[in-house]
Amino acid sequence: MEDSLLDLIFLSEKRKNVLLLLLEGPKDINTIKKTLKASATSVQPQIKMLKEKHLVVQDKDAYRLSEIGKIIAEKMKPLLDTLAVLEENTDYWADRDISKIPPFLLRRIGELGHCIIVEPQIEHMFEMIPEYVKNAEKAKRFEALISYFHPLFPSFYLGLAQKGTSVSLILPESILKRWVEDDYREQTRQFLKMENTRLLICKDCEKTPNIVAADNFMGISLFPKDAAFDRKYLISFEPGALAWGKELHDYYEQNSEQIKDIDSL
């Protein structure tokens, strides 16, 4: 019995990688060898098998995807990207409530690319996460949905704005109530008076993930399914992740209302 196309593609890392490489456009054998860091003797038999199954076509010295090969490779990439994202931090994703991420973005979770986990260390448990602070302070545009309260947040985001960063924050109703309490009221009032700031209230954002959509990084902190909230962030710096995070932030912004004056709250 002949091998299926599924076996042909996924039982060989080289064949899979050849298809993904040719998805970028035609390549000669030297480019294929160099990109895949493989010898001609290890790559050419795999290309021959792909040609025999009509997935790859040879035009003189260049190889390209056939129409069938292009269909398959275009479907492969999102699946492989998704697997890579989930496998890199399997325990995190398995333990988190992802129900607040809209389906159209969950289907494209592979766009996050390489992510790292950052979390507060024991000796800094009551401080902000250093990696978060460092990247936020480098941002020129900082947009976020803040789904939990931290006593340093009002002064920190006011400080970002005072340095010239464009800062837009969405707060759930319960979190906004903390921001306008006596201890933080004046900082919140100063924040609202600035030209480069926006503060919005979302009335249907309880237990949503904490979302950061800055121009230099994307961050998301999902609530655990069973345990208490632990402030673990997934952070990515890849262009696809920045765009994905912006879409997630904008999804919640559509259901939010801008606040102009805290005295009316």
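As a basis for the values below, the full set of heavy atoms in this structure was taken, side chains included, without hydrogen atoms, waters or symmetry mates. Being a predicted model, the structure only gives us computed values, none of them experimental.
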Inter-residue atom distance [X].[atom1] - [Y].[atom2], 0.5 Å rounding:
X	Y	atom1	atom2	answer
Trp93	Asn89	CH2	CG	8.0 Å
Glu253	Leu200	CD	CG	5.5 Å
Ser4	Leu11	OG	CG	7.5 Å
Lys27	Asp61	NZ	CG	15.0 Å
Glu186	Leu158	CD	CG	9.5 Å
Leu176	Cys205	CG	SG	11.5 Å

Sub-3.5 Å donor-acceptor pair from the side chain of [X] to the main-chain atoms of [Y], do we have one?
X	Y	result
Thr165	Ala161	no
Asp28	Thr31	yes
Glu173	Ile201	no
Trp244	Leu105	yes
Arg141	Ala213	yes
Arg198	Gln258	no
Asn17	Glu13	yes
Gln58	Lys60	yes
Ser147	Thr208	yes
Ser236	Leu112	yes

>> Tell me every residue that passes ring-ring contact (aromatic ring centres under 6.0 Å, His included) with Phe191, counting only those two or more places apart in sequence or in another chain.
In response: none

>> Below 30° counts as parallel, above 60° as perpendicular, anything between as tilted: where do the rings of Tyr184 and Phe149 land?
In response: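 Rings of Tyr184 and Phe149: perpendicular, as their planes differ by over 60°.
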
> Do Tyr233 and Asn210 have side-chain atoms, one donor and one acceptor, less than 3.5 Å apart?
Replying inline: yes

> Can you tell me if Asn196 and Ser166 form a side-chain donor-acceptor pair at under 3.5 Å?
Replying inline: no

Is any side-chain heavy atom of [X] less than 4.5 Å from a side-chain heavy atom of [Y]?
X	Y	value
Asp97	Lys207	no
Leu22	Val18	yes
Arg15	Ile9	no
Tyr132	Val212	yes
Leu65	Ile72	no
Val167	Met194	no

Does a sphere of radius 6.0 Å around [atom1] in [X] hold more than 12 heavy atoms from other residues, nucleotides or ligands, not counting ones at 6.0 Å or beyond?
X	atom1	result
Lys14	NZ	no
Lys33	NZ	yes
Glu67	CD	no
Glu257	CD	no

> Given Asp230 and Glu119, is the side-chain contact (heavy atoms from CB on, under 4.5 Å) satisfied, shown in steps?
Replying inline: CA-CA 8 Å; Asp230 56 12; Glu119 59 183 310; 5.9 Å; no

> Is the centre of the Phe153 ring less than 6.0 Å from the centre of the Tyr157 ring?
Replying inline: yes

>> Assess the residue pair Ile259 and Leu171 against the criterion (side-chain contact (heavy atoms from CB on, under 4.5 Å)); give the C-alpha distance rounded to whole Å, side-chain angles, the decisive distance to 0.1 Å, and a yes or no.
In response: CA-CA 10 Å; Ile259 297 166; Leu171 304 180; over 6 Å; no

>> Pair Ile68, Leu55 - check side-chain contact (heavy atoms from CB on, under 4.5 Å), show working.
In response: CA-CA 6 Å; Ile68 296 173; Leu55 302 185; 3.7 Å; yes

> Can you name the nearest heavy-atom pair linking Ile211 to Tyr252, along with the distance?
Replying inline: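 In this case the closest contact between Ile211 and Tyr252 is CD1-CD1, 3.8 Å.
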
>> Ignoring hydrogens, what is the shortest heavy-atom contact between Lys53 and Leu5? Give both atom names and the distance.
In response: CB-CD2, 4.1 Å

>> Please determine whether salt bridge (Lys or Arg N to Asp or Glu O under 4.0 Å) holds for the pair Arg178 and Glu181, giving the CA-CA distance in whole Å, both sets of side-chain angles, and the decisive distance to 0.1 Å.
In response: CA-CA 5 Å; Arg178 297 294 308 276; Glu181 288 177 353; 3.3 Å; yes

> Does the salt bridge (Lys or Arg N to Asp or Glu O under 4.0 Å) test come out yes or no for Lys100 and Asp204, once each step is laid out?
Replying inline: CA-CA 11 Å; Lys100 295 292 186 177; Asp204 189 27; 5.2 Å; no

>> Run the salt bridge (Lys or Arg N to Asp or Glu O under 4.0 Å) test against Arg108 and tell me which residues pass, sequence neighbours left out.
In response: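 By the salt bridge (Lys or Arg N to Asp or Glu O under 4.0 Å) rule, Arg108 matches Glu111, Glu247.
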
Please set out all donor-acceptor pairs under 3.5 angstrom arising from side-chain atoms of residues 217-224, sequence neighbours excluded.
{"residue": "Ser221", "atom": "OG", "partner": "Lys232", "partner atom": "O", "Å": "2.9"}

> Checking side-chain contact (heavy atoms from CB on, under 4.5 Å) for the pair Lys51/Val56: CA distance, chi angles, key distance, verdict?
Replying inline: CA-CA 5 Å; Lys51 286 171 61 180; Val56 169; 4.0 Å; yes

